[in-house]
Amino acid sequence: MSMSITVPLDTNDNDLEVVGGKGRSLSKLVRAGFDVPDGFQVPTETYRRFVADNDLQERILELAKPTIHEGAISFEQASADIAQLFAEHELSVEQLTAICAAYNELPGQPPVAVRSSANAEDLPDLSFAGQQETFLNVSGAEEVAAAVKRCWASLWTAQAINYRHEMDIDHRAVAMGVVVQEMVASEVSGILFTANPVNGDRSEMIVNSSFGLGEAVVSGQVTPDTYVKPREG
């Protein structure tokens, strides 16, 4: 049975291999009753179908090799070449139609965040934080579809390729899901760590917060306020 090109944000089929790390976590939050901004997901199979339809897999793997720059290995050229591959190929009519339809079903067609959700992220022993792309304040159905393709390409950023190289993760095994969510005009945003990332203490939680969007905290554009709280229970 073929998979849908898009799936609901609260999909029950939320395995890591189906919707990626962010998609899996958000689906579980929605289904648990938490207040999560509305949206939809583009599962990893849609990425795989795009790659297969355009015969990109072997070309990507051939390009995903390091060069030597100033005595150190670099994946910058590999990443740029792979990004160009994605830019040169269009979504199929079915993919474009399905993604545009899912966006148009959001009430008022709001600005959205288009977020990468790879199948090799948010794992117990691995962290791809900040290595793949999120695009904020995207408006319009075709613009959202284009941002989805750019998220797919970001599976192959220099940082992500290098990290997989260092962690001995097979490039053939990775795929990218995408989460599309309505933007929230937040006055204050923050990030909660359920274990202290500085010392590894699991009895402490840390919140980093700042005014405006959370992207400023994630990208290091601001020095956030930091709160350390004991875990209870």
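Computed over heavy atoms, backbone and side chain alike; hydrogens, waters and symmetry mates excluded. Please read all numbers here as calculations on a predicted model, not as lab measurements. Nothing fancy with the numbering, it's 1 onward along the sequence.
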Atom [atom1] in [X], atom [atom2] in [Y]: separation rounded to 0.5 Å?
X	Y	atom1	atom2	answer
E143	C100	CD	SG	8.5 Å
Q84	E88	CD	CD	4.5 Å
R231	E204	CZ	CD	11.0 Å
Q132	W156	CD	CH2	10.0 Å
L96	E142	CG	CD	5.5 Å
D81	L63	CG	CG	5.5 Å

Is the closest side-chain donor-acceptor distance between [X] and [Y] under 3.5 Å?
X	Y	value
S154	T157	no
T44	R48	yes
D13	T11	no
T226	N208	yes

Look at atom [atom1] of [X] and say whether more than 12 heavy atoms of other residues, nucleotides or ligands are closer to it than 6.0 Å.
X	atom1	value
Q109	CD	yes
F193	CZ	yes
E187	CD	no

Test log, rule ring-ring contact (aromatic ring centres under 6.0 Å, His included), inputs W152 and F86: CA-CA 8 Å; W152 289 345; F86 279 85; 7.2 Å; no
Check the hydrophobic clustering (I, L, V, M, F, W, Y; side-chain heavy atoms under 4.5 Å; chains of links allowed) and say if [X] and [Y] are grouped together.
X	Y	value
F50	V144	yes
V217	I206	yes
L56	Y47	yes
M205	Y227	yes
V180	V36	no

Check whether any side-chain heavy atom of [X] sits under 4.5 Å from a side-chain heavy atom of [Y], and report yes or no.
X	Y	value
M183	L136	yes
L85	I60	yes
S4	V7	yes
T134	V114	no

Please report the closest heavy-atom contact between [X] and [Y], naming both atoms and the distance.
X	Y	value
I5	V42	O-CG1, 3.6 Å
I99	L91	CD1-CD1, 4.4 Å
P43	T6	CD-CA, 4.0 Å
H171	L61	CB-CD2, 3.5 Å
S117	V179	CB-CG2, 4.1 Å
Q41	S27	NE2-CB, 4.2 Å

Test side-chain contact (heavy atoms from CB on, under 4.5 Å) on I82 and I161; report intermediate values, then the result. CA-CA 11 Å; I82 293 170; I161 300 173; 4.2 Å; yes
For E58 and R172, run salt bridge (charged side-chain N to carboxylate O under 4.0 Å, His left out): C-alpha distance rounded to whole Å, both residues' side-chain angles, the deciding distance at 0.1 Å, then the answer. CA-CA 9 Å; E58 294 306 318; R172 294 179 182 273; 3.1 Å; yes
Without swapping roles, check the side chain of [X] against the backbone of [Y] for a donor-acceptor pair under 3.5 Å.
X	Y	answer
D225	V207	no
K149	H89	yes
K22	S116	yes

One pair to check against side-chain contact (heavy atoms from CB on, under 4.5 Å): F75 and H165. What are the steps and the verdict? CA-CA 10 Å; F75 289 94; H165 176 76; 3.9 Å; yes
Applying side-chain contact (heavy atoms from CB on, under 4.5 Å) to Q181 and D38, what does each step give before you reach the verdict? CA-CA 6 Å; Q181 284 185 283; D38 196 11; over 6 Å; no
Mind running side-chain contact (heavy atoms from CB on, under 4.5 Å) on S186 and L213 for me, showing each step along the way? CA-CA 6 Å; S186 57; L213 298 176; 3.9 Å; yes
With R150 as the cation and F135 as the aromatic partner, state whether NZ or CZ is under 6.0 Å from the six-membered ring centre and within 45° of the axis. yes
